[in-house]
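The block underneath contains the structure these notes are about, expressed in structure tokens.
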Amino acid sequence: MPLTTHYESLYIGGSWVKPKGGEAYTVINPATEEAVGEVPVGTAADADAAIAAAREAFDHGPWPRMDWRERAVILQQFHDVLVARKDEIVQLCVAEAGSIIPVASIMQFDMALDGLQYYIDQIQRREFVIPSSVSAHTNWATGGETLGSTVKVYEPLGVSVGITAYNYPFFLNLAKLGPALASGCTFILKPAPQTPLEAMILGEIASEVGIPPGVFSIVTGGVDVGEKLTTDPRVDQISFTGSDKVGAIIQAQAAPSLKRVALELGGKSAMIVCEDADLEQAAFAGVVNFTNQCGQGCILQTRQLVHNSIKDQYIEMLKAMASQVKMGDPADPDTGMGPLISAAQRERVLAYIEQGKSDGNSLVYGGSIPPGLNRGFFVEPTIFDCPSNSTAIAQEEIFGPVVCVIGFDTEDEAIAIANDSQYGLSGGVFSQDPGRAYRIAMQMRTGGVLINGGGGRLNPSVPFGGYKRSGIGREYGEEGLNEYLEIKVIDFRAA
Ligand code: NAD
């Protein structure tokens, strides 16, 4: 089946329906500024229809009542169709989100599919009814000896809404669809306005594999759609990935109807490079940490804290490696760094670079639109040597290819600088002493720490999420599935 990039309808309640509004959004390839496709812009009325369908499917439909194993069979088909269509989906991630081919193929696609497979396996293996001990005791209500027991039952939470960001859209959409559908919730996806196509393809596959009507809907659009989905009392749970600013708004919007809210938010993560680090390994990871997805990654370690005895050498290595990163169209397999998502994001990043300079940081590499790349939303890999951790470029999430290198003299100082952040998503330590690296990792106030670059791939069986303004709740692992489940306890008289 050829890849669709022009849609006139939205996938709502199990059918492709004409949206209530008349607007269309042209998806732009951020590397070429050419049109990639077109989708209708959803409205609050479309969100209302998706909520009604999801509520009906949850309250009266087969999906939440199905045996876990039956759901797993359907989701496995969903997974397998995605795998069969990998090449076209990867091309879409390249054209729509500006991901270079390895990022599209591994980070966006393979890791998303690993996660979906994890949830499918988890619901088949997990014992959802766990008997607790059977005991005889005096019955408080009726007196006399009673033999009783209790079971703990996991049930799907209800109508779930996933709202996602633009940076790794295919991955983020599946990170919400997987646990929502595996748990038996019904699910509405609102993708980022800039990247709707990586969501729409999921609707095609849902209808192909026979996910029942209303179980999964997609509503494109912006704030009005997001507001409707997060305020409507028929929705039970929100899983949001995006900025801390919008996360806080969503938490407030969801509060009056007391929805459960999981928030995966921004970061300004620190990578600590000790004087005993393998410097080449650290600098290589250092460059990847501000050039991956053109710096538009929540977990990227864009504050690099380097022992003062090796800082100059580290910066020289970063500069040399950054100069080898080929910028350009990510469809070219030789490209190492693609564009930012939009002209607006490029303006924002360039404004931060100007502010970085005027706040007294020294720009040691990059800082401009690359010569010859005026078409597409490119910015050079940019390295600042920062005298302190307190200026805007060290404290705020820039979401562009900009790194702050900050010196330190002692381990305690490095940890204090790392923790001097409103965020707490990720962290890194480079040291050839594993005990030391672990000791430092234990003191970092973040949801995850990579030692010497870590294993290099998301492990879906462990939870992912942030401390402080980086979020509430977790994705992946048992904890990720629990975000979509209620726990019921049934106490019964055995004899
Ligand atoms: P954003 O917060 O601007 O938008 C995210 C989504 O929220 C979009 O779909 C948007 O339409 C929607 N939205 C905006 N206002 C809303 C409202 N009032 N009600 C409901 N929905 C609303 O984020 P972005 O610019 O798309 O993405 C970048 C941000 O995402 C960065 O901060 C990045 O760190 C974060 N992010 C976090 C993770 C993570 O797992 N922690 C992963 C990827 C991205």
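Counting starts at 1 for both ligands and their atoms, in listed order.
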Residue pairs meeting ring-ring contact (aromatic ring centres under 6.0 Å, His included), one or both in residues 177-205, sequence neighbours left out, come to Phe187-Phe216
Just checking, is any N or O donor in the side chain of [X] or [Y] under 3.5 Å from an acceptor N or O on the other one?
{"X": "Asn482", "Y": "Glu478", "result": "no"}
{"X": "Ser390", "Y": "Gln395", "result": "no"}
{"X": "Glu96", "Y": "Thr195", "result": "no"}

Atom pairs and distances, side-chain donor-acceptor, residues 422-429, under 3.5 Å, sequence neighbours left out:
{"unit_1": "Tyr423", "atom_1": "OH", "unit_2": "Asp244", "atom_2": "OD1", "d": "3.2"}
{"unit_1": "Tyr423", "atom_1": "OH", "unit_2": "Asp244", "atom_2": "OD2", "d": "3.4"}
{"unit_1": "Ser426", "atom_1": "OG", "unit_2": "Gln301", "atom_2": "NE2", "d": "3.1"}

Mind checking what residues have non-hydrogen atoms under 4.0 angstrom from ligand 1?
Ile163, Thr164, Ala165, Tyr166, Asn167, Leu172, Lys190, Pro191, Ala192, Pro193, Val223, Gly226, Glu227, Phe240, Thr241, Gly242, Ser243, Val246, Ile249, Ile250, Gln253, Glu264, Leu265, Gly266, Cys298, Glu397, Phe399, Leu425, Phe464
Which donor-acceptor pairs under 3.5 Å do side chains of residues 10-25 form with protein atoms, sequence neighbours excluded?
{"unit_1": "Lys18", "atom_1": "NZ", "unit_2": "Glu8", "atom_2": "OE1", "d": "3.4"}

